[in-house]
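Working notes for the structure below.
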Amino acid sequence: MRRHPRRGEAGHEVSEARNAANTAPTARRADVGRRIGVGLMYGLWKPRVLGAWRVPATGPAILAVNHSHMIDGPMVMGVAPRPTHFLIKKEAFVGPLDPFLLAIGQVKVDRTIADRTAITRALGVLDDGGVLGIFPEGTRGEGDFASLRAGLSYFAVRSGAPIVPVAVLGSTERRGRLIKGLPPLRGRVDVVFGDPFEAGDGSGRRTRKALDEATVRIQKQLSAHLENARRLTGR
C-alpha cells in the first residue's frame, strides 16, 4: 500500500506530473514543427520529394531515415505529408533548443541507457496513431544504413507499425559558401520515400532472436531502398 506523501512531496509529485505533461510529444506540437519545417526547408533549399504518397495517410507509421547531415531530420519534418515526432539524442537539447524541440513534439533520448521515458513516449506516439521518425544508424555517418541499432526493430515489432524507408540525398555533396556547415542555399536536396513494410515475421514474437531477425530484414529493405533512391535521383 502506498504511504501518504509527507509535506512537500505531494507538491513535488504534482510538479513532476505537470512537467511531464508540458513536454509530452503531442500531435498538435508535431504539427507546429511541420509548419516551421515547411517554411525553413523550402525557404532555404529546393527539396525534391519523391514517393510521399507512400506514407500511410492514417494510423501509426515509422519513418526510417538515413542520417549524414544535421538538416536531414528537419528536412524530413518539412516535406513529410504528416507531422513527425523524431527520436533525437539528448545532446541536441542544449540551450534554447531544449524547450524548442520539446515544444514541437520531438522526443529526447539518452542513448547511453535504456531510456524508459523516451521509450514510453515513442510508443505513445505510435499508440496514438502518429508518425515516429528514427535514424536507425543511431548517429550521423555515411548515411548508408550499413550499421543499424536495435531501436528501430524494437519499436516496429513492439507496435506493429509499418516502416517507411526514407532516403535523404544531396545534403552532404557540397558545402555552402555563406555557411560552411550547411548545403548551398537554394541547392537541391532529394527526399525519397519507399514502400512501407512490416518488420516482424507475423508470429508476434518479441524475443531477442525475433528482434535480431527483424533487424536483418529491415537492413535489407533499407539498403535496397537507398540503392533505388540513388538510381532514381542520379546521386
Side-chain angles (χ1 to χ4, degrees), residues 25 51 54-56 59-70 72-73 76-77 80 82 84-93 106-169 171-172 191-231:
R54 293 188 171 97
V55 177
I62 299 174
L63 303 185
V65 186
N66 68 324
H67 196 23
S68 56
H69 197 283
M70 62 182 177
D72 295 338
V76 173
M77 285 177 60
R82 295 174 60 187
T84 304
H85 307 262
F86 266 96
L87 274 172
I88 302 175
K89 62 182 181 180
K90 71 172 186 178
E91 291 83 358
F93 290 73
Q106 306 311 295
V107 182
K108 182 192 300 187
V109 59
D110 186 342
R111 299 175 300 170
T112 65
I113 61 173
D115 191 335
R116 295 183 181 276
T117 298
I119 292 171
T120 299
R121 288 186 167 183
L123 288 175
V125 166
L126 297 172
D127 288 343
D128 290 341
V131 178
L132 181 67
I134 294 180
F135 300 115
E137 296 159 293
T139 187
R140 289 202 303 270
E142 296 299 321
D144 56 3
F145 295 124
S147 178
L148 305 190
R149 300 183 66 158
L152 175 56
S153 61
Y154 172 80
F155 287 116
V157 172
R158 174 73 170 72
S159 68
I163 296 174
V164 179
V166 185
V168 181
L169 303 172
S171 58
T172 58
V191 183
V192 186
F193 294 85
D195 291 318
F197 65 91
E198 302 291 335
D201 60 4
S203 68
R205 294 181 301 129
R206 299 176 184 174
T207 62
R208 170 57 60 185
K209 181 179 180 182
L211 292 178
D212 289 343
E213 291 172 350
T215 298
V216 172
R217 285 190 294 271
I218 291 170
Q219 187 165 28
K220 289 181 179 179
Q221 292 272 12
L222 298 185
S223 296
H225 170 66
L226 183 59
E227 181 180 350
N228 183 56
R230 285 172 171 162
R231 185 167 55 250

Taking the side chain as everything from C-beta on, heavy atoms only, tell me whether [X] gets closer than 4.5 Å to [Y].
X: F155; Y: I119; value: yes
X: T215; Y: P136; value: no
X: V164; Y: V131; value: no
X: E91; Y: R111; value: yes
X: L132; Y: L123; value: no

Nearest non-hydrogen partners of [X] and [Y], listed with the distance:
X: P25; Y: H85; value: O-CE1, 3.1 Å
X: T84; Y: A80; value: OG1-CB, 4.0 Å
X: S159; Y: L126; value: OG-CD1, 3.4 Å
X: Q106; Y: F86; value: OE1-N, 2.7 Å
X: I88; Y: F93; value: O-CE1, 3.6 Å

Distance in Å, [X] [atom1] paired with [Y] [atom2], rounded so as to fall on 0.5 Å steps:
X: R208; Y: S153; atom1: CZ; atom2: OG; answer: 7.5 Å
X: T117; Y: K108; atom1: OG1; atom2: NZ; answer: 10.5 Å
X: H225; Y: I163; atom1: NE2; atom2: CD1; answer: 12.5 Å
X: E137; Y: L222; atom1: CD; atom2: CG; answer: 8.5 Å
X: M77; Y: L63; atom1: CE; atom2: CG; answer: 11.0 Å

Does the [X] side chain pair with the main chain of [Y], one donor and one acceptor, at a distance under 3.5 Å?
X: R217; Y: A199; result: yes
X: Q221; Y: P165; result: no
X: D110; Y: D115; result: no
X: N66; Y: V168; result: yes
X: R82; Y: P56; result: yes

Requested in this report: Please identify each residue that fulfils side chain to side chain contact (heavy atoms under 4.5 Å, CB included) with R116, with sequence neighbours left out.
Outcome: none
Query - Identified side-chain contact (heavy atoms from CB on, under 4.5 Å) counterpart of K209 within the set L211, T207, D212 - result: T207
Query raised in the report: Of the options M70, H69, H67, which is the one that meets S171 in a side-chain contact (heavy atoms from CB on, under 4.5 Å)?
Result: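 Among M70, H69, H67, the one that satisfies the side-chain contact (heavy atoms from CB on, under 4.5 Å) with S171 is H69.
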